[in-house]
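Naming convention: chains lettered A, B, ... in sequence-line order (proteins, then strands); numbering from 1 in each chain.
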Protein chains: 2
Amino acid sequence: MATRTDAPTRREQILREAARLFAERGFHGVGVDEIGAAVGISGPGLYRHFAGKDAMLAELLVGISGQLMTGAKRRVAEAEQGPDALLDSLIEGHIDFALDDRDLITLHDRELDRLRDSDRKLVRQLQRQYVELWVESVRKVYPELAEPHARVAVHAVFGLLNSTPHLSRPGSLPGRAATAQMLHKLARGAFAAAAE
Amino acid sequence: MATRTDAPTRREQILREAARLFAERGFHGVGVDEIGAAVGISGPGLYRHFAGKDAMLAELLVGISGQLMTGAKRRVAEAEQGPDALLDSLIEGHIDFALDDRDLITLHDRELDRLRDSDRKLVRQLQRQYVELWVESVRKVYPELAEPHARVAVHAVFGLLNSTPHLSRPGSLPGRAATAQMLHKLARGAFAAAAE
DNA sequence: CCTCCAGGTTAACGGTCGCTAACCTCCCTG
DNA sequence: CAGGGAGGTTAGCGACCGTTAACCTGGAGG
């Protein structure tokens with residue numbers, strides 16, 4: 001079972017580099033030739049793997065929202081230790097994502113409007129479900145928190161957790177584990193304050 | 001003294017519309033013709049007011065960082081009621097900005113890399129000073145909080161406060177004052193949790 | 001009344017960009 | 001060993017974009 005130590009497929013390579021470049025310079029700021037060059041082929045060779053530049057962005061964004069949503073649903077399903085532990089689990093999942101896939105997090109709320117209508121609707125729907133899932137989870141921990149307030153708090157905490165790309169690039173910061181722990185505390189602190 | 005109910009000058013009009021369009025579709029996603037059309041003139045007419053498209057972005061970004069920095073310095077200078085009130089004042093200032101100038105907040109951390117080297121350095125320096133000012137202020141309230149941790153917390157709280165553009169556009173949300181108050185509580189809660 | 005400039009206009013140029021066309025070359029398979 | 005598809009290549013097209021050039025116009029000032 002060498003399922004997941006395989007060499008990355010060409011498609012995956014392309015997506016990784018495209019994500020990096022899009023995050024760095026914006027969708028319109030990157031040419032297909034650069035994306036090709038980043039994986040060692042040049043320009044139009046990409047069209048053997050994708051229908052076009054738009055298709056790469058679409059696959060990235062749909063993939064992200066899908067991954068986040070899938071992970072969150074799994075966590076909800078596996079929750080057996082009460083609402084408090086579930087919220088911690090959601091936070092932890094989001095932090096892992098924010099720390100390990102900075103480029104994707106960046107794209108996620110930056111280039112959504114560059115998508116075809118149908119793709120954009122799909123992504124937005126997944127995002128909305130994800131938010132809703134968090135809102136419910138938060139309100140189970142803090143039942144006295146009204147729903148609109150909970151929604152604002154959830155969006156704000158996403159902003160907080162997604163701030164990782166702004167931390168100086170590699171990280172002179174306290175180290176990955178410590179940063180994760182710190183973000184977790186900050187998020188819980190924000191929710192607690194919202195409810196008080 | 002009709003100093004600030006004057007009709008906005010053409011330059012100001014252009015900057016406002018450019019900020020809106022840049023925030024909506026990205027710097028490279030907007031053409032000069034569109035910016036012109038947004039203020040009722042067309043395309044090349046902009047060059048009577050700006051040296052080029054880059055110059056507009058530069059003026060916007062330098063202006064933002066400058067405004068934030070100036071406001072924060074003023075608040076520090078006027079602080080007479082101790083560190084706690086100062087931190088509240090900084091938070092309040094940042095929230096006002098985030099709520100009233102969403103487009104600028106969006107540009108601020110999205111299009112920085114599209115600037116000429118000199119401008120980018122200037123903006124980054126202002127940003128760094130702004131962060132530093134916050135870090136000092138936070139550490140006066142929570143002296144037990146180590147500096148690197150305080151810096152991470154400050155960045156995270158910026159992410160939290162800057163989340164306002166993601167709240168559904170006009171705002172079915174609790175209303176401006178209530179949202180501001182909510183964000184304030186969340187930010188203070190996050191800092192408190194960081195220090196605990 | 002003439003002048004001149006601030007602030008527009010349209011035409012056009014050069015460069016870039018996404019994408020297609022046409023072709024080439026392994027390598028796998030019957 | 002023929003052949004065919006997968007995955008490249010380069011050349012080039014058409015569209016668009018930022019910018020410049022050349023020209024026009026209304027109104028303020030001497």
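Between the B:Lys185 side chain and the B:Ala180 main chain, no donor and acceptor come within less than 3.5 Å of each other.
In this structure, A:Lys53 places its NZ atom 17 Å from C1' of C:dT20, rounding to the nearest Å. Per the geometry, CE belonging to A:Met56 stands 10 Å off C1' belonging to C:dG18, to the nearest Å. Atom-to-atom, CG of B:Asp54 to P of D:dC17 comes out at 15 Å; the value is rounded to the nearest Å. Atom CG in A:Leu46 sits about 18 Å away from atom P in D:dA6, given to the nearest Å. What separates CD1 of A:Ile14 from P of D:dA6 is a distance of 16 Å, to the nearest Å. Summarising the geometry, the separation between CG on A:Leu21 and C1' on C:dC17 is reported as 15 Å, rounded to the nearest angstrom. Rounding to whole angstrom units, CZ of residue B:Arg11 and C1' of C:dA6 are separated by 14 Å. The nearest whole Å value for the distance from the CG atom in B:Asp33 to the C1' atom in D:dG18 is 9 Å.
Across every non-hydrogen atom of A:Ala23 and A:Arg110, the tightest pair is O-NH1, 4.1 Å. For B:Val76 against B:Leu86, the heavy-atom pair with the smallest separation is CA-CD1, 3.8 Å.
Screening B:Leu90, B:Asp88, B:Asp96 for a side chain to side chain contact (heavy atoms under 4.5 Å, CB included) with B:Glu92, the sole residue that qualifies is B:Asp96.
Centroid-to-centroid, the aromatic rings of B:Phe158 and A:His166 stay 6.0 Å apart or farther.
Which of D:dG18, C:dC23, C:dT20 sits closest to the side chain of B:Tyr47 comes down to D:dG18. Taking every side-chain heavy atom of B:Pro44 into account, D:dT20 is the closest of D:dT9, D:dT20, D:dG18. Nearest nucleotide to the A:Ser42 side chain, out of D:dT19, D:dT9, D:dC23: D:dT9. Counting only heavy atoms from C-beta on, B:Val32 has its side chain closest to D:dT19 among D:dT19, C:dC19, D:dG8.
Distances shown here put a side-chain N or O of A:His49 below 4.0 Å from the OP1 or OP2 atom of D:dG8. Residue A:Arg10 places at least one side-chain N or O closer than 4.0 Å to OP1 or OP2 of D:dG8.
Taking for each of A:Gly31 and B:Gly40 the nucleotide of DNA chain C with the nearest heavy atom, the 5'-most of the two is the partner of B:Gly40.
Counting non-hydrogen atoms under 4.0 angstrom, B:Val30 reaches the backbone sugars and phosphates but no base. B:Gly52 comes within 4.0 angstrom of the backbone, heavy atoms only, and of no base.
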